[in-house]
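What's counted below: heavy atoms across the whole structure, side chains too, no hydrogens, waters or symmetry copies. Ligands are counted one by one from 1 in listed order, and the atoms in each one are counted from 1 as well.
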Amino acid sequence: MQRTKVKDLLQGAEVDQEVLLKGWVRTKRGNKFVNFIAVNDGSTINNLQVVAEAEKFSEETLKDVTTGAAIAVTGKLVASQGKGQAYEIQATNIEVLGKADPETYPLQKKAHSLEFLREIAHLRFRTNTFGAVFRVRNALSFAVHKFFNEKGFVYMHTPIITASDAEGAGEMFRVTTLDLDNLPRTEEGHINFEEDFFGRSTNLTVSGQMEGEVAAMAFSDIYTFGPTFRAENSNTTRHLAEFWMIEPEMAFYDLKMNADLAEEFIKYIIRYALENNREDLEFLAQRQAEEDKSKPQTERQEMTLIEKLESVVNNEFERITYTEAIDILLNSNHYKKKKFQYDVKWGIDLQSEHERYLVEKHFKKPVIVTDYPKDIKAFYMRMNDDGKTVAAMDILAPGIGEIVGGSQREERMDLLVERMKAVGINPEDMWWFLDTRRFGGCPHAGFGLGFERVVQFVTGMGNIRDVIPFPRTPQSAEF
Ligand code: ATP
Ligand code: MN
């Protein structure tokens with residue numbers, strides 16, 4: 001007999017028929033005569049209630065039906081007489097496929113803290129919260145591909161191992177097969193990477209952009225979606241050492257078209273989750289509202305999670321230049337009352353407190369900040385005519401801060417080489433990248449969207465460690 005998933009059964013598939021259900025026991029309650037077993041198989045946040053009359057089953061079987069056990073149930077799917085569910089199964093047979101000793105199974109009925117669940121990341125998928133988070137993550141990732149596919153973008157798999165250390169996006173993890181106890185040395189006493197696997201020094205990628213730019217010079221529109229690594233020792237709620245990034249790169253795009261695409265893209269994937277993961281999002285909204293109750297009034301959300309997402313989808317993002325952002329900050333009461341920890345003046349890299357002031361206090365919606373000072377941005381961003389700023393754009397989101405970093409790229413060879421030299425990159429090392437400017441170069445633009453930060457935004461989860469299945473952070477790579 002074919003197994004039917006909980007999601008389909010709850011929608012009334014095969015009603016009044018014999019069905020086969022397999023899943024994990026969430027709870028069992030009841031009395032001498034009848035047991036109510038809530039079963040979940042991950043297909044939905046909802047459990048399916050299995051009604052097992054005590055007389056039909058051996059005590060032995062029912063004893064092993066405990067929280068966490070894997071079971072197979074056959075029985076008739078009927079409209080439920082009880083409240084809380086439309087359908088239930090009247091069980092005729094229950095097989096315990098895998099026991100879960102109640103004495104040692106870590107997930108019990110009581111609510112567990114997110115911190116505790118991080119320590120049992122291999123089991124946390126079986127909770128309502130993480131079930132919802134990772135179903136939403138899945139939906140968002142599908143929506144990413146759907147969006148770009150509908151627009152005719154080519155999905156490029158850019159390499160994880162890179163030999164260029166010029167990307168400059170952050171600290172890198174070294175990739176080597178050298179014997180660390182016995183390193184080969186050059187005559188000058190440096191480590192001799194010619195003897196390493198690739199015959200040169202290599203690292204894990206911090207961005208697929210360079211390769212993406214190359215591909216865009218043939219396919220016009222491409223995107224990458226893959227793991228990205230940064231050995232930044234920043235223990236924040238929005239940084240991981242391994243995270244997933246989406247990086248579209250478009251030939252013939254300028255900064256405004258780039259910003260338009262990013263805004264349309266973010267709205268599209270959020271709308272997709274709203275339309276396809278309603279129950280999960282409603283659960284997460286409820287969770288956030290509960291969590292808020294224990295917070296001081298000033299830190300509570302003004303809108304529910306769903307209201308926030310709908311407002312993002314239905315309203316235009318604010319667009320300001322960096323210079324305007326600095327003016328807003330300087331004219332704020334917050335600044336006048338000396339409430340910013342870091343100084344504000346033209347030329348600073350916006351700190352998280354500044355970004356949060358702009359999106360959460362001033363505009364109360366996502367903000368696209370453009371045209372940053374050249375000295376705080378990467379060498380490949382296109383120089384503006386003022387000679388002081390570059391065609392950069394960051395998108396800042398309430399509660400998260402930066403979710404997108406992008407720019408129009410410098411397509412003019414002389415200016416690009418000048419900037420490379422200014423930041424200490426040897427243009428010869430980047431010969432293949434520069435070839436895109438040498439041969440058929442054209443105006444182009446792109447951006448990088450941190451996938452986990454979007455998942456955080458959509459699920460309302462405060463810590464980035466709770467939106468990636470197995471987080472990699474300083475001092476932590478257990479699972
Ligand atoms: P931040 O200032 O927040 O560290 P960044 O300026 O280093 O970000 P970019 O190099 O522009 O970020 O990377 C593009 C996007 O990737 C960012 O907008 C962000 O969404 C995401 N991102 C960057 N670093 C991390 C990280 N360590 N963990 C998770 N996401 C990240
Ligand atoms: Mn960073």
Answer yes or no: does an N/O atom from [X] fall short of 3.5 Å to an N/O atom of ligand 1?
X    : result
M245 : no
L449 : no
F243 : no

Give the numbers and elements of all ligand 1 atoms closer than 4.0 Å to a heavy atom of [X].
X    : result
R238 : 3 (O), 28 (N), 29 (C)
G448 : 14 (C), 15 (C)
G405 : 11 (O), 18 (O)
V404 : 18 (O)

Query raised in the report: If you measure from each heavy atom of I464 to ligand 1, is any distance below 4.0 Å?
Result: yes
Query raised in the report: Could a heavy atom of E232 be found less than 4.0 Å from some atom of ligand 1?
Result: yes
Requested in this report: Could you please spell out the steps behind the ring-ring contact (aromatic ring centres under 6.0 Å, His included) verdict for H157 and Y155?
Outcome: CA-CA 7 Å; H157 297 110; Y155 177 32; 4.4 Å; yes
Query raised in the report: Among side-chain atoms of Y253 and R409, is any donor-acceptor pair under 3.5 angstrom?
Result: no
Requested in this report: Please determine, by modelled atom types, if T67 and Q108 share a side-chain donor-acceptor pair under 3.5 angstrom.
Outcome: no
Requested in this report: Using atom types as modelled and distance alone, determine if a side-chain donor or acceptor of N203 lies under 3.5 Å from a backbone N or O of V175.
Outcome: no
Query - Stacked cation flag R200 on F193, 6.0 angstrom / 45 deg - result: no
Query raised in the report: Quick one: does NZ or CZ of K308 land under 6.0 Å from the six-membered ring centre of F457, within 45 degrees of the ring axis?
Result: yes
Requested in this report: Using a 4.5 Å cut-off on heavy atoms from C-beta on, say whether the side chain of V136 contacts that of L281.
Outcome: yes
Query raised in the report: Looking at E213, E411, E410, which one forms a side-chain hydrogen bond (donor to acceptor under 3.5 Å, both in side chains) with R437?
Result: E213
Query raised in the report: Using heavy atoms and a threshold below 4.0 Å, how should the contact between H239 and ligand 1 be classified: side chain, backbone, both, or neither?
Result: both
Requested in this report: Under 4.0 Å, heavy atoms only, figure out whether ligand 1 is touched by the backbone of R453, its side chain, both or neither.
Outcome: side chain
